Amino acid sequence: IAAAVMTDTKLPPVFSMKRAGIGGGKREYARPSMLRIVEIEAVDEAGRQEPPVGVTNGKGAQGDAANEADTVIKLETDIDDTPPEELGFLMERLYEAGAREVHFLPIFMKKNRPATELVVICDDGTVDGIEEILFLETTTIGIRKCRMQRRILPRKAEIVETRFGVIAVKTVTLPDGKKRSYPEYESMKRAAEKYGVPLSDVRLAVLKEII
């Protein structure tokens, strides 16, 4: 059997398959000489691409905790006449379009009308598509937009073995070099449903392994 060289020592907790290939060798063995190669990429729980396990923004597992930064676009609009269920659908569409963050804030507008401020954080490459969704799916006639710098902590995706199976965690490096890990909600949710236990039990099991 042919041997393959791995680019990492373990698989990411969540990934998507990009392409696969299979080939046969020329030598004869007791079993068929076949090799299958699968190219994958790490994604987060929502299916968005993440840096490979052990790599953060191209700087390695540790990164530079004092200088990690990037630029994002913040979009805002105030809405006072869109039904709540349509806003829920809107959030799903925005995440599918590549939004990094979407949240709603309760506000009061003219004539003391309760309304919702919608805030979307996204990248340059997704701004146009997200703005189009906002105009199509809401009654807004204007969107505020600004470019923002943000400082971020180096982070990497890892997995933890617990009595409820493998749970995905996110580990960040603090400015002083210390590590802090956070269990991923979707991973804990699947384990809680599989074993029929409260989500808090799964969280405690993870914390026992990472503290």
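The first residue in the sequence is number 1, and the count goes up from there. Bear in mind that the values here come from a model prediction, so they are computed numbers and not experimental data. Side chains are part of it too, since the values below use all heavy atoms of this structure and drop only hydrogens, waters and symmetry mates.
Side-chain contact check for Val169 versus Ile159: every heavy-atom pair is 4.5 Å or farther apart. Using a 4.5 Å heavy-atom cutoff, the side chains of Leu134 and Leu94 are in contact. The closest side-chain heavy-atom distance from Glu184 to Lys170 is below 4.5 Å. Inter-residue side-chain proximity for Phe104 and Glu117 is flagged as unmet; no heavy-atom pair is nearer than 4.5 Å. Counting heavy atoms from C-beta on, the side chains of Thr116 and Asp80 never come closer than 4.5 Å. Side chains of Val172 and Ser181 form no contact here, defined as non-hydrogen atoms less than 4.5 Å apart. Under the 4.5 Å side-chain criterion, counting only non-hydrogen atoms from C-beta, Val119 is not in contact with Val102. When side chains are defined from C-beta on, Arg190 does not count as touching Met188, because their heavy atoms never get closer than 4.5 Å.
Both Leu153 and Tyr182 sit in one connected hydrophobic cluster of ILVMFWY residues. Membership requires side-chain heavy atoms under 4.5 Å apart, directly or through other members. In the hydrophobic cluster analysis, where Ile, Leu, Val, Met, Phe, Trp and Tyr join through side-chain heavy atoms closer than 4.5 angstrom, Met91 is grouped together with Phe135. When the side chains of ILVMFWY residues are joined at heavy-atom separations under 4.5 Å, either directly or via intervening members, Ile133 and Val120 end up in a single hydrophobic cluster. No single ILVMFWY cluster, assembled from side-chain heavy atoms under 4.5 Å apart, contains both Ile167 and Leu204. Using a 4.5 Å cut-off between side-chain heavy atoms of Ile, Leu, Val, Met, Phe, Trp and Tyr, with links allowed through other members, Tyr195 and Tyr185 fall into the same hydrophobic cluster.
Atoms CG and OG1, from Leu87 and Thr82 in turn, are 5.5 Å apart once rounded to the nearest 0.5 Å. Taking CG from Leu118 and CD1 from Ile143, the interatomic distance works out to 8.5 Å, rounded to the nearest 0.5 Å. Within the model, atoms CG of Leu75 and CD1 of Ile121 stand 7.5 Å from one another, a figure rounded to the nearest 0.5 Å.
In this structure Glu76 satisfies the side-chain hydrogen bond (donor to acceptor under 3.5 Å, both in side chains) test together with Lys74, Arg144, sequence neighbours excluded.
Look at Asp70 and Arg100 and you find a salt bridge, because one of the NZ, NE, NH1 or NH2 atoms lies within 4.0 Å of a carboxylate O, short of that distance.
Counting non-hydrogen atoms of neighbouring residues, nucleotides and ligands closer than 6.0 angstrom, the CG atom of Leu136 exceeds 12 such neighbours. Counting heavy-atom neighbours within 6.0 Å of Arg113 CZ, excluding the residue itself, gives a total above 12.
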Full working for side-chain hydrogen bond (donor to acceptor under 3.5 Å, both in side chains) between Thr162 and Glu209: CA-CA 7 Å; Thr162 75; Glu209 300 296 330; over 6 Å; no
Derivation of the side chain to side chain contact (heavy atoms under 4.5 Å, CB included) call for Ile210 and Arg180: CA-CA 9 Å; Ile210 64 178; Arg180 182 181 295 163; over 6 Å; no
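Looking at Asp176, its side chain does come within 3.5 Å of a backbone N or O of Lys178 through a donor-acceptor pair.
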